[in-house]
Amino acid sequence: MTANRCTYGRIFILFALIFCIIFPLGGCSQASQPENQAIAIGLSVDLADSGGLTVGVLLPTIRAAGQDPEENAGSSKYEVYCATAHSFAEAITILRASLPLSLNLTQLKVVVFSQELAQNEDMQALVSDMYLTHRLYNAAYCVVSLARADDLLRAAGQHYPGARLSSAIVTSMENYIAQGGIPQTRFADFYYGFHSIYGSPVAIFGAVADGMHTTLTPPGRAGNALPGALPRTGGSQTEFSGTALFLGGHMVGTLSSLETAWMNYLRGETHDIAYSCDGVNISLSPERSVRVAIDTQADPMRISLRASFIVSGKCSLDILTSLIEADIASLIAKCQSLGADPFLFSQRAASQFPDIPAWTRYDYASRFPSAQIDIHVEVQTLTD
Amino acid sequence: MNQLPETPSDRHAKQRSFTLLCTIACAVRLVYSASVFLKSSGTAAWIEAGLGALLVLPATVLFYFSIRMRDGIPCKRSPALICILFFPFFTFDASAWIYTLSECSSYTTFTDTDVIFLYLPAFLCALLIVSRGAYACGGLARGTLFTAGILLSLALLCQISQMHPIWLMPILGGGAEAILGGSIFCAGTAALYPAGIWLFAQTDPAGVARKVQAGFLRGLLWAALAAVLFLLLYGMLAPNIPDAPHIRSFNMERLLTGGGRGTSVHFPSLIGWYLLLLLTSVFSLFCASCCLRLAFPARSARFCSIVSAIFCIPWTPLRMFWRKGEDWMVFLSLIIVSAISAYIWICALIAKRRKKQNDSQ
């Protein structure tokens with residue numbers, strides 16, 4: 001009897017093992033293998049002329065030897081495949097049907113919206129649809145393009161010499177973030193921003209350079225130039241610089257590269273800021289994160305900021321202090337006039353409330369535009 | 001090969017391993033239910049988990065005292081009926097956890113493989129472990145504690161610079177009412193913890209040492225502490241959006257892709273989370289098998305394991321298509337477990353008094 005039980009047990013284990021091996025093998029068809037999938041690196045969404053949406057995906061294409069004499073055999077090129085439909089989901093369905101390989105959105109590096117679309121009232125609904133799309137990589141960088149989004153994607157696919165595009169996009173974004181010129185916004189953050197009761201979302205602002213802009217920026221204000229209008233030439237056509245501001249589910253304004261650097265600082269980041277004072281280029285290193293005190297009991301609400309920097313370079317500290325104060329004040333005033341709080345002041349204010357219903361009753365959004373701002377800046381040189 | 005007879009110290013080791021299995025399963029339940037199933041957690045998920053553990057405490061204490069008062073004497077009246085009452089909850093629970101594991105696999109695989117094909121291997125894997133008995137389950141628990149503990153700690157430590165304590169504010173999240181509702185749900189999923197330990201103790205009443213009894217209560221405390229700590233750290237990593245609570249929650253998609261986390265932390269998180277989910281399903285399946293063993297003592301442990309696994313399958317459609325039904329089952333399990341714990345405690349109290357009276361006579 002015991003021997004029988006033992007034999008049955010072994011047979012059972014044998015069958016169980018066979019099943020364990022067989023079932024996972026069921027998914028390994030030729031079309032399902034990673035190298036046989038159309039793995040998208042970028043995704044663009046535009047408003048179509050017909051009123052629908054044009055969705056594009058940036059895909060690497062492997063060229064065979066002799067097909068393109070300028071390229072080495074087996075080297076990659078990138079192409080944008082577009083589909084137009086009434087909704088995002090339908091456009092993706094068309095793309096899936098038209099591409100010979102299975103479309104895979106799990107490796108996206110960048111998601112681009114056109115400014116025209118971002119300013120549309122349906123933007124929030126679109127972002128929600130996209131977020132809930134199965135296996136759409138939500139940590140891709142989120143960009144608003146000045147002109148057409150698929151053009152930006154196409155331009156991005158052309159000029160990253162000597163680098164694999166999937167890593168080059170991430171590297172370039174990290175570079176811009178380190179310079180403070182763009183916000184650190186992933187698609188997930190963007191989506192959360194639309195639903196958050198603490199603030200409004202922001203996105204990276206980008207454009208395709210047409211090489212026609214030669215007008216100089218005002219002295220000391222090079223950081224105020226917007227992408228697409230930078231007076232420069234060179235191989236790379238893409239320019240990522242500045243911030244797109246959103247409120248109420250759609251885009252309401254933009255910030256320049258320098259304003260974005262200040263915005264990042266006020267959000268609590270501590271990257272060095274390239275600055276100009278008295279015609280001298282200097283670098284401002286935040287001594288610590290900005291200190292924000294918010295008096296929600298006061299009417300109007302009072303926001304006090306204490307910023308301290310260490311400056312490397314020679315310039316008048318008094319002039320520099322007043323310049324920084326003026327820059328920050330004008331930036332906050334600009335955002336107050338738009339009604340958008342990209343500085344996350346609201347999150348700090350929310351911590352003064354016991355629970356979310358109490359915070360919601362306070363109605364921060366209506367109080368922020370009239371809030372009184374006190375700014376105190378301290379600057380010291382490295383030798384101090 | 002002849003097996004050596006089981007010594008008392010072997011039995012104690014087995015009990016300790018099983019208590020560890022229950023503790024880890026309880027912690028995973030608290031974390032998961034405070035963050036995935038709830039729509040109202042907001043910033044207070046960690047409070048809900050802690051409060052949920054507190055709500056299970058009375059049932060745990062009653063089970064503990066009933067085991068202690070029996071002092072090695074098996075509960076004569078209870079097993080068959082109680083085990084039959086517990087059985088559907090454990091089989092449902094096992095099915096739900098294996099399905100969760102398969103859902104996570106579905107997200108992370110490249111292919112569009114049907115969830116059922118991912119469900120079956122995980123299911124068979126859990127069945128294999130359970131069919132090998134308490135030692136195998138306990139071994140899995142020890143291995144998981146070490147492996148998943150290190151991997152998940154590493155993943156969290158890698159992200160420590162991205163943590164924002166301010167994201168835990170407002171401290172009470174959705175408010176007192178929301179916290180209470182959430183903690184009842186947490187308690188519902190964690191309620192099977194004391195029930196599982198009590199069931200296992202009934203299969204081997206003589207092997208229940210005092211040390212193990214103490215571990216019974218300590219296990220709940222450790223589970224609650226681990227869950228609260230994890231939710232606190234995780235809460236600092238994800239922004240709080242009460243209007244869209246499902247994306248605020250701890251789910252696989254968020255863990256792997258949301259919020260700009262470095263891909264370096266994905267892999268350790270993935271392995272750690274898979275191990276924990278597998279262990280949780282093993283716990284439920286093993287307890288379901290214990291139920292059958294107690295209800296039908298003539299049947300072998302392996303037979304009971306296979307039958308339990310078969311009974312898990314009909315629950316899968318409920319988990320797949322009727323989410324509300326799952327909520328009801330969880331709530332019902334809290335009620336049933338609490339009621340049974342009180343009943344068993346009263347029975348034990350009566351038995352103890354009778355024993356005293358008999359001794360005095």
Side-chain angles (χ1 to χ4, degrees), chain A residues 5 8-9 12-13 15-17 19-29 31-34 37 39 102 104 106 108 128 131-132 134-141 184-189 191-199 268 344 347-348 350-360, chain B residues 40 42-44 105-114 116-125 127-128 131-132 164-179 238-248 253-254 256-263 300 302-303 305-306:
Chain A
R5 273 187 189 172
Y8 286 138
F12 164 71
I13 290 170
F15 271 102
L17 280 172
F19 271 107
C20 282
I21 294 162
I22 287 171
F23 280 112
L25 288 177
C28 294
S29 69
S32 301
Q33 288 172 10
Q37 294 189 25
I39 297 176
S102 165
N104 186 321
T106 61
L108 283 179
S128 296
Y131 188 86
L132 297 173
H134 192 47
R135 295 178 189 159
L136 189 148
Y137 187 62
N138 293 318
Y141 286 101
Q184 195 170 347
T185 305
R186 311 291 186 132
F187 184 62
D189 303 322
Y191 174 64
Y192 300 149
F194 278 120
H195 291 84
S196 175
I197 52 168
Y198 301 121
L344 306 180
Q347 279 196 346
R348 297 168 202 259
S351 64
Q352 298 175 17
F353 292 83
D355 54 33
I356 291 165
W359 163 248
T360 314
Chain B
S40 56
T43 47
S105 315
S106 162
Y107 181 75
T108 49
T109 47
F110 271 115
T111 58
D112 287 314
T113 309
D114 202 317
I116 203 70
F117 289 110
L118 299 161
Y119 175 88
L120 278 170
F123 188 72
L124 288 170
C125 186
L127 177 58
L128 263 179
S131 67
R132 301 305 295 166
H164 303 274
I166 205 159
W167 283 350
L168 293 171
M169 302 290 176
I171 198 90
L172 293 179
E177 201 177 322
I179 289 177
N240 171 36
I241 296 108
D243 287 351
H246 59 284
I247 49 94
R248 167 74 172 80
E253 189 168 337
R254 183 86 183 97
L256 292 176
T257 66
R261 228 72 76 234
T263 45
S300 72
R302 193 166 291 162
F303 174 81
S305 307
I306 296 167

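Proteins get letters first, then strands, A, B, ... in listed order; numbering begins at 1 in each.
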Shortest non-hydrogen contact from A/Pro354 toward B/Pro170: O-CB, 3.6 Å
Nearest atoms (heavy-atom pairs only) where A/Pro357 meets B/Gly173: CD-O, 3.9 Å
Rounded distance (nearest 0.5 Å) linking atom CD of A/Gln352 with atom CE of B/Met169: 10.5 Å
Gap separating the CG atom of A/Leu344 from the CD1 atom of B/Ile166, nearest 0.5 angstrom: 8.5 Å
Set of side chain to side chain contact (heavy atoms under 4.5 Å, CB included) partners for B/Phe303, sequence neighbours left out: B/Arg299, B/Ser300, B/Val307
Residues forming a side chain to side chain contact (heavy atoms under 4.5 Å, CB included) with B/Ala176, sequence neighbours excluded: none
Value rounded to 0.5 Å, distance of CD1 in B/Ile171 from CG in A/Asp355: 11.5 Å
